[in-house]
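Here is the structure we will look at.
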Amino acid sequence: MSSQAVARSGEDVRRTTIKDNWLGFVGDVLNFTGEVTFKSTLRIDGNFCGQVNSEDGTLIVSAGARVTRAIINVASAKINGTVEGDINASKEVVLGPTASVIGNVSAQVLIVEEGAIFNGHCRRI
């Protein structure tokens, strides 16, 4: 996986390059902004703003996590937090019971569990 992200905490700004098979953003202390490309699984536990790409991977947005100004292009997405933006999945998108999605979803399969909030358009590909 490779990515470049900008971490912002008050005045402190750092540019980070990450290479790994697994990446988790933990906590609400920092906000990450940028573009992430990964191979297998990416779990976002905090706040992320930007683009997420993976041809074959799975994106997990944990309960309490927030992804804004999102352009998500992945094989599968499992959403339990908040996503504001577009989700494009070549396989499936699962909106868990704590999910809140505002935007467009394109996927072969869309599963919306009881309690999930979805405000947007969906398109089956």
Side-chain angles (χ1 to χ4, degrees):
M1 168 173 29
S2 66
S3 72
Q4 287 202 346
V6 177
R8 294 185 183 165
S9 177
E11 301 285 323
D12 182 26
V13 176
R14 292 170 282 168
R15 189 162 293 280
T16 306
T17 300
I18 302 162
K19 295 186 179 193
D20 201 346
N21 285 334
W22 176 267
L23 173 65
F25 298 134
V26 180
D28 293 325
V29 176
L30 294 176
N31 294 318
F32 290 89
T33 300
E35 180 175 347
V36 176
T37 300
F38 66 98
K39 290 184 181 181
S40 59
T41 303
L42 169 67
R43 189 178 89 199
I44 299 175
D45 293 333
N47 297 312
F48 180 80
C49 176
Q51 188 165 347
V52 179
N53 299 304
S54 181
E55 201 170 297
D56 300 316
T58 299
L59 171 67
I60 300 168
V61 178
S62 300
R66 185 175 185 88
V67 180
T68 57
R69 291 187 290 191
I71 301 172
I72 299 170
N73 299 299
V74 294
S76 299
K78 297 177 181 179
I79 311 298
N80 287 298
T82 300
V83 174
E84 297 172 2
D86 296 335
I87 304 171
N88 303 299
S90 58
K91 294 180 183 174
E92 73 172 7
V93 174
V94 178
L95 304 183
T98 57
S100 174
V101 174
I102 300 170
N104 301 314
V105 174
S106 298
Q108 285 183 3
V109 176
L110 172 61
I111 299 169
V112 181
E113 296 182 6
E114 185 176 351
I117 298 168
F118 174 50
N119 187 1
H121 295 92
C122 65
R123 183 174 67 104
R124 184 169 185 225
I125 56 171

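For clarity, every value in this text was computed on a predicted model and none was experimentally measured. Computed over heavy atoms, backbone and side chain alike; hydrogens, waters and symmetry mates excluded.
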If you measure from [atom1] on [X] to [atom2] on [Y], what distance do you get to the nearest 0.5 Å?
X	Y	atom1	atom2	value
I102	T68	CD1	OG1	11.0 Å
T82	E84	OG1	CD	7.0 Å
I71	Q51	CD1	CD	5.0 Å
I79	I117	CD1	CD1	14.0 Å
E92	K78	CD	NZ	6.5 Å

* Should we say atom CD of E113 is surrounded by more than 12 heavy atoms from elsewhere, each under 6.0 Å from it? -> yes
* Asked: Cluster partners of V109, using ILVMFWY side-chain heavy atoms under 4.5 angstrom, listed by chain and number?
  -> V94, I111
May I ask you to test the [X]-[Y] pair for a side-chain heavy-atom distance under 4.5 Å?
X	Y	result
L59	V67	no
L110	L95	yes
F32	I44	no

Is the side chain of [X] donor-acceptor paired with the backbone N or O of [Y] at a distance under 3.5 Å, no angle test?
X	Y	answer
D86	N104	yes
T98	N80	yes
S76	T58	no

For residues [X] and [Y], report the shortest heavy-atom separation together with the two atoms involved.
X	Y	value
S106	I125	CB-CG2, 4.2 Å
F38	S54	O-OG, 2.8 Å
S90	A75	OG-CA, 3.3 Å

* Structure fact -> Applying side chain to side chain contact (heavy atoms under 4.5 Å, CB included) to R124 and not counting sequence neighbours gives none
